[in-house]
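This one's a predicted model, so the numbers in the text were calculated from it and none came from an experiment. Just so you know, ligand 1 is whichever comes first in the structure, and atom 1 is the first atom listed for that ligand.
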Amino acid sequence: MRVEAVCTGCSLLCDDIVVEVKGGRVKKVLHACAIGAKRIESALEAERALKPLAGGRIVSLDEAVKQAAEMLREARRPLLYGWCNSVNEAVRLGLELARKVNGFFDGPMSVCHGYSIWYARMKGIRPPKLDEVLDRADHVVYWGCNPAESHHRHASRFAVFPRGEKTPEGVESRSVTVVDVRPTRTMRIANHRLIIPPGRDAALAKLIAGELSGSRGKPSEAGVAEEEFYSFIESLKRSTYVVVFYGLGLYSAGERSGVEGLYELIKVLESSGVKAAAIPMSGHYNMVGAVEEALSATGYPYAIDFSGGQPSFSQEQTAVKLLSKGEFDVVLVIGSDPLASMPRQAVSGLKKSKVIAVDYQLSLTARAAELVLPAAVGGVESGGTATRMDGERLELKPFLEPAGCSRADEEILKMVAKEL
Ligand code: SF4
């Protein structure tokens, strides 16, 4: 049997995937890239979490849910962490749960693209849809990101190679620029390659804006090669619609000035008569959805503290910072592996807490957790909606039954909330 699917391997949420299923197993995955195929096939992996575990012992799902509720109820300061790999409906439930237990709601968005998604929303900037980019953008800039390694089908399906309404020759109708701190694989398809030292993104954005407004600066101020820079500026001036896809490279050393400088540049481009937009290249499949759900429920994007009853937010108080101070005694981790990805001090704080892991795989965090609640693989075994990097909401199309005792994130959260 052949079924259509939406890939949850990255925030492009490719909706043209075809999966051949036989006897409840995946036989073939068509159209997906290597990352997407791996995600779809992960439902069959040996590292799957299939049974609820308490202290390493197999328990019933009811028992595990009861224990999770008890841990959260009795926690002095609970953290509910993750959400970027869960559907919008589960994020909403997570926010309700955090409110109910006076907890702290956060996830990888506070150290990834959460700030830029929030910054753009605060300024009232909505990104164009990828269909529009494909049809109309004649200059695509990849800034501080390397989609050839991270979002494999970005150029081939959405932004560079296919023909669009106003780009009838596909790649021949477009200019491609890559800005990065070193040569990358994405640069192989670029017409302009701007290599800058780390931390000079804001300076480069200012330099480009200056060129467009008639005040000349020196390319050396941004550490960029003069010849390459002016050839890019000439190309930019000939363009009619510029879209900048930017990655975490814009946050060198935790600085946010790169993102802010980029949005200033977009404004300058627009006022010079060029249509322009910027879209963050978030990695996790639903980081945009997690931030948008948090904003619509509380007015805050991430790092939301419900300990005082009402939600509060401080950019300086993120889960990583508070974990480093050993603030949390119980941590519910959903669809994330902080033990493998957080800085050493935060990991030490996490190791001192009791961890409840909700995940489809036995990650490093799940292996160290006090309690494991096995989750279904989103988009493969469970549905719901997810939000693409451009803000488009897509309905996932699950095609397998959840393996073992696993359940959709939403179902698990509802069960825990009911016990509370
Ligand atoms: S580009 Fe992303 S969404 Fe598309 S198939 Fe690859 S991993 Fe999946």
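- When Arg136, Lys166, His139 are each tested for a side-chain contact (heavy atoms from CB on, under 4.5 Å) with Tyr241, only one passes: Arg136.
- Judged by distance alone, with hydrogens and angles left aside, the side-chain atoms of Asp106 form a donor-acceptor pair with the main-chain N or O of Ala319 at under 3.5 Å.
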Going through the checks in order, is the ring-ring contact (aromatic ring centres under 6.0 Å, His included) test met by Tyr246 and His113? CA-CA 10 Å; Tyr246 61 96; His113 275 297; 5.6 Å; yes

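- Counting only protein N, O or S atoms, 1 lie closer than 2.8 Å to atom 6 (Fe) of ligand 1.
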Using atom types as modelled, flag every donor-acceptor pair under 3.5 Å from a side chain in residues 377-387 to any protein atom, sequence neighbours excluded.
unit_1, atom_1, unit_2, atom_2, d
Glu381, OE1, Arg48, NH1, 3.4
Glu381, OE1, Arg48, NH2, 3.0
Glu381, OE1, Val377, N, 2.9
Glu381, OE2, Arg48, NH1, 3.1
Glu381, OE2, Ala403, N, 3.2
Thr385, OG1, Asn88, ND2, 3.2
Thr385, OG1, Glu89, OE1, 3.4
Thr385, OG1, Glu89, OE2, 2.8
Thr387, OG1, Asn88, ND2, 3.2

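- Neither the backbone nor the side chain of Thr8 comes within 4.0 Å of ligand 1, counting heavy atoms alone.
- At least one donor-acceptor pair closer than 3.5 Å links the side chain of Asp138 to the backbone N or O of Thr240.
- Counting only distance, with no hydrogens or angles, the side chain of Ser336 and the backbone of Val333 share no donor-acceptor pair below 3.5 Å.
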